[in-house]
Amino acid sequence: MEDKLISEDVRNSLKKAFTRLTDTVTIEVYTQEGMNDSFNEAAEIFMKAISQLTDRIKVNFYKTGDKAAGQRDVKRSPTILIDPDKCKIRFTGSPAGEEAAAFIMTLLMASTGRTYLSDDSRKRLDRLREKRLVRVFVSPTCPYCPQQVIYAVSAAIEKKELISVEIIEIYENPDLAEKYGAMSVPTTFLGEELMAAGLQPEDSFIESVVEGKKVEYVMPVGREEMRDYDIVVVGGGPAGLTAAIYGERSGLKCIVLEKANVGGQISVTPVVENYPGFAQIAGKTLVDLMAKQTLEYSALLQGVGVSDVTNKDGILEVSTGRGTYRTRALIIATGAYSRKLNIPGEDRLAGRGVGYCATCDGYLFKDGKDVIVAGGGNSALTDALYLDSLGAHVTIVHRRNAFRAEDRLQQSVFQRNIPVEWDSIVEEITGEKKVEKVSVRNKKTGKKKSLSAQGVFVAIGYEPNNSIAKKLDLELDNEGYIRVDAQMRTSMPSVYAAGDITGGIKQIVTAVSQGATAALTVFEDIASPYWKKAL
Ligand code: NAP
């Protein structure tokens, strides 16, 4: 059974990772028969397996009725406490899938006392005087969750006396999800109050914990020091990562600044089937491979959002919550964000059944729940197939009588008999505290119908993330995408763009190609600036 849970390869990498453990970490696992039995078993097997890989991890097993449970205030099953005599880190639910990686990181941080946080974040935390309880709802399939968990756990390790953290597996604890109104992941609460829906940049997360409320924009911590680069790449999707690989290989000093975590849209694409070399690969796995390769060459920071860019006589200054980066060239690879339906109920029920990331939140609907997918492109059909494979009852609502998606995806949808409401639009989403119904209107007949639904996934395309381009007053097309030439130069010397932010065909192969082109053009332009030649 343990062998099934942890493959030989994973066992070997864990053994290697555990050689970095310094102090012994004690894990307490609490279970109760009859409550989440299959998850109790998974937690017990996983904890036993990792404790057998090193003598620096000790695991003690208890029942929730034991005296120890009373002393630690444990009532839920399974509950896992990390070094409870030293810090306050609790996993309510069995850490599986994406969460298993965050759990292993937690053990490493608890043992070494060294966290992921930057010096700036530590300085911010020094302002904290009051106690804080941070609750993060997560799911095993959510690629954004581990990063938010790592910030939370890091904060609890940095400020052991003041910060307690509870990581809650949403699927195993539906009553807690209901109580807090959490229906998407990651969702973070400070005590009982909502702090953030979605992954935050590191500085916003820490500042929110210190301030006791959501803080969106964060000023640098009074540090004037500049860091100099040849290329600053903004955005850590395939285009940005490839640009950094090509830039460094050309001898240029590069850094990638990613405001959330690496990957962009592919990290939430369940399966990629059209990237040459991989017949079928999970989007997250593909981007993890790209990020690993990038790190062999270039600096890459996650959780670092860019607040401003200025151009002072050809030297660009990129401001972030971690300080300012001075660069000879900027490559904008900021991609795009999900378009909204803009209909009644969409905003009010966002995170309460309305979602834009089926990979993250689809797990909640896996037991035959009714789910609507709006859209007819590649994203909508990929999401519908993923949700169907989880066991949800999916209906696609598409505004025309033919899909835009590629033929392979269409054939799969038809083979699986996923119902489609053709020529129809979702007009309203209703429900008191969470999604209960959607109102769908057929555009041809004018007929309306009400469909029962617990989830609505909106997959109707993207809008460009063009705030930096606007700050620099770059030329944009009618839809707001950055205009580039064939070398990926924008309308401003020293500023380049690559990937989805340039519009056009939005594929991983085109993004990596544009990233490479942009970096190689920077190399050429630094050696021989075209804007000087033109003078
Ligand atoms: P998309 O290709 O732009 O398709 C958007 C879909 O939503 C279209 O079917 C469109 O209908 C519909 N739509 C747009 N606005 C709407 C509105 N206000 N109300 C109702 N329906 C609306 O977007 P996408 O599927 O998100 O894909 C984005 C890009 O990523 C594309 O270039 C796509 O090829 C790429 N992608 C590729 C893959 C893959 O290769 N496997 C996977 C995912 C995404 P109409 O058809 O009537 O315009």
Side-chain angles (χ1 to χ4, degrees), residues 143 235 237-239 263-287 333-347 354-360 362 372-387 389 395-413 418 420-429 438-444 451 456-465 477-481 498-514:
Q265 279 161 42
I266 41 163
S267 58
V268 295
T269 304
V271 189
V272 174
E273 295 182 332
N274 54 9
Y275 190 72
F278 298 92
Q280 235 193 19
I281 186 165
K284 177 77 167 58
T285 310
L286 179 58
V287 84
T334 43
Y337 62 90
S338 302
R339 184 178 289 149
K340 285 183 168 187
L341 286 165
N342 290 321
I343 54 167
E346 185 180 16
D347 282 347
V354 176
Y356 301 84
C357 174
T359 320
C360 308
I372 303 293
V373 174
N378 282 332
S379 300
L381 269 60
T382 307
D383 286 356
L385 288 163
Y386 172 66
L387 291 161
S389 71
T395 303
I396 299 173
V397 178
H398 181 37
R399 66 181 178 184
R400 286 189 298 126
N401 64 358
F403 287 134
R404 172 184 294 272
E406 62 184 37
D407 193 57
R408 281 292 271 249
L409 292 169
Q410 296 196 34
Q411 293 316 319
S412 300
V413 164
I418 297 176
V420 184
E421 294 287 339
W422 298 106
D423 296 311
S424 298
I425 50 170
V426 181
E427 278 197 324
E428 187 175 8
I429 306 169
V438 297
S439 157
V440 173
R441 180 171 60 86
N442 185 302
K443 285 167 59 185
K444 282 200 174 146
L451 301 178
V456 178
F457 286 96
V458 181
I460 58 166
Y462 293 90
E463 301 286 340
N465 271 323
D477 70 13
N478 293 340
E479 292 176 71
Y481 292 96
D500 285 0
I501 186 63
T502 65
I505 295 167
K506 300 187 189 79
Q507 293 290 313
I508 307 166
V509 280
T510 46
V512 298
S513 146
Q514 293 182 349

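Atoms within each ligand, like the ligands themselves, are counted from 1 in listed order.
From the protein, the heavy atom lying nearest to atom 18 (N) of ligand 1 is I460 CD1, 3.7 Å. Among protein heavy atoms, atom 32 (O) of ligand 1 sits closest to K506 CB, 3.4 Å. Closest to atom 33 (C) of ligand 1 among all protein heavy atoms lies N378 ND2, 3.7 Å. Among all non-hydrogen protein atoms, the one lying nearest atom 40 (O) of ligand 1 is N274 ND2, 2.7 Å. For atom 47 (O) of ligand 1, the closest heavy atom belonging to the protein is R400 NE, 2.7 Å. Atom 48 (O) of ligand 1 has its closest protein heavy atom at R404 NH2, 2.6 Å. Atom 16 (C) of ligand 1 has R399 NH1, 3.3 Å as its closest protein atom, hydrogens excluded (heavy atom only).
Ligand 1 has no atom lying under 4.0 Å from any heavy atom of I425.
Heavy atoms of Q507 found under 4.0 angstrom from ligand 1 belong exclusively to the side chain. By the criterion of a heavy-atom distance under 4.0 Å, neither the backbone nor the side chain of T269 is placed next to ligand 1.
Using a distance-only test at 3.5 Å, with no hydrogens or angles considered, a donor-acceptor pair links the side chain of R339 to the main chain of I460. At distances below 3.5 Å, not a single donor-acceptor pair connects side-chain atoms of E428 with backbone N or O atoms of P344.
Residue I418 holds its CD1 atom at 4.5 Å from CG of L385, rounded to the nearest 0.5 Å. Note that CD1 of I343 and CD1 of I429 are 4.0 Å apart. Values are rounded to the nearest 0.5 Å.
Contact annotation: the side chain of Y356 approaches that of V458 to within less than 4.5 Å [non-hydrogen atoms, C-beta and beyond]. Looking at heavy atoms from C-beta onward, S379 lies in side-chain contact with Y462 at the 4.5 angstrom threshold. Side-chain atoms of D347 and V354, non-hydrogen and from C-beta on, never get closer than 4.5 Å to each other. Between E421 and N442 the shortest side-chain heavy-atom distance does not fall below 4.5 Å. Proximity of N401 to K444: side-chain heavy atoms (C-beta onward) are separated by under 4.5 Å at one or more points.
Short contacts between ligand 1 and H398, defined as distances under 4.0 Å to a heavy atom of the residue, involve ligand atoms 9 (O), 11 (O), 45 (P), 46 (O), 47 (O). The distance from ligand 1 to the heavy atoms of R339 drops below 4.0 Å at these ligand atoms: 14 (C), 15 (N). Which parts of ligand 1 touch G461 is read off a 4.0 Å heavy-atom cut-off, strictly below it: atoms 5 (C), 23 (O), 26 (O). Numbered from 1 in the order shown, with element, the atoms of ligand 1 that lie under 4.0 Å from a heavy atom of Y462 read 26 (O), 28 (C).
At a cut-off of 3.5 Å, with distance as the only test, a side-chain donor of Q411 or D407 sits close to an acceptor on the other residue.
Summarising the contacts of atom 43 (C) of ligand 1 with S338, A511, S379, the nearest heavy atom is found in S379.
Residue-to-ligand polar distances keep K340 apart from ligand 1: every N/O pair is separated by 3.5 Å or more. Between A380 and ligand 1, no pair of N/O atoms sits closer than 3.5 Å. The distance criterion of under 3.5 Å between nitrogen or oxygen atoms is not met by T382 with respect to ligand 1.
The aromatic rings of H398 and W422 sit perpendicular to each other, their planes meeting at more than 60°, with 30° as the lower class boundary.
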